[in-house]
Amino acid sequence: MDKIFTLEQVRLIIVSVFSPILGYFTPTKGFVYALIIMFAFNIWAGMRADGVSITCCKNFSFRKFKNALFELLLYLVIVEVIFSIMVNCGDKEASIVVVKSLTYVFMYVYLQNAFRNLIRAYPKIIALRVVYHLIRFEFMRALPSHIQPIIERIEREHGADKENENTDDETKTKTN
């Protein structure tokens, strides 16, 4: 089931790694750097949600990682192309505003996805859920009146898990 990396996959990884590095030295380096930080946070949160173990590479999906790298590369290309076109048209000052706006949109998408993954990874931490709803501008869902049923549901779900574990422990004790 495990495949050895093909030359095409290695090439894609190299291009995906070096493109942001080269983009870092352009006039948009701050925007590129911000996107890379949000990309890394999103990847980390996604790995936590999928239960990826770094030490033995369990549950790691190369396909998902490749798609995430492609998405980052696409964002970087969009930023650089728009910046280059606007500078060549003589609108350098306006291009910074446009690129900054686009970068904020891309970072918002990364942040939203990262918190969705963190909620999946850490379902008991209510603060993550509140922050996620605030990020999504779902203020009503972030209010305590809406959060309370969620807290109760999580307690019921995790309480049932603990009861099942206790029942299993009692059964094992009785059989011994």
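What you see is a predicted model; the values in this text were computed from it and never measured.
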Spatial distance of atom [atom1] ([X]) from atom [atom2] ([Y]) [nearest 0.5 Å]:
{"X": "N113", "Y": "I43", "atom1": "CG", "atom2": "CD1", "answer": "9.0 Å"}
{"X": "L72", "Y": "F39", "atom1": "CG", "atom2": "CZ", "answer": "5.0 Å"}
{"X": "M107", "Y": "N42", "atom1": "CE", "atom2": "CG", "answer": "13.0 Å"}
{"X": "E93", "Y": "M86", "atom1": "CD", "atom2": "CE", "answer": "10.5 Å"}
{"X": "K92", "Y": "F83", "atom1": "NZ", "atom2": "CZ", "answer": "5.5 Å"}
{"X": "I119", "Y": "I126", "atom1": "CD1", "atom2": "CD1", "answer": "9.5 Å"}

Legend entry - Transitive ILVMFWY side-chain link M47 to I125, under 4.5 Å: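 Looking at the clustering, I125 is in the same group as M47.
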Inset, instruction - Only pairs at least two apart or in different chains count here, so list each side chain to side chain donor-acceptor pair (under 3.5 Å) that has a residue in residues 97-109. - result: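 Applying side chain to side chain donor-acceptor pair (under 3.5 Å) to every pair that reaches into residues 97-109, excluding sequence neighbours, yields Y108-Q112.
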Legend entry - E71 side chain reached by Y110 side chain, heavy atoms, under 4.5 Å: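 They are in side-chain contact.
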What residues form a side-chain contact (heavy atoms from CB on, under 4.5 Å) with [X], not counting sequence neighbours?
{"X": "V81", "result": "V77, I85"}
{"X": "V109", "result": "Y75"}
{"X": "I78", "result": "L74, I82, L102, F106"}

Inset, instruction - Could you list the residues that satisfy side-chain hydrogen bond (donor to acceptor under 3.5 Å, both in side chains) with D50, not counting sequence neighbours? - result: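 D50: side-chain hydrogen bond (donor to acceptor under 3.5 Å, both in side chains) contacts with K64.
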Legend entry - N117: partners by side-chain hydrogen bond (donor to acceptor under 3.5 Å, both in side chains), with sequence neighbours left out: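 Listed in chain order: R120.
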Legend entry - Shortest non-hydrogen separation from A114 to A45 and the atoms involved: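 Taking A114 first and A45 second, the nearest heavy atoms are O-CB, 3.4 Å.
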Legend entry - Residues that D91 engages under salt bridge (charged side-chain N to carboxylate O under 4.0 Å, His left out), provided they are two or more places apart: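 Testing D91 for salt bridge (charged side-chain N to carboxylate O under 4.0 Å, His left out), a comparison that skips the adjacent residues, returns none.
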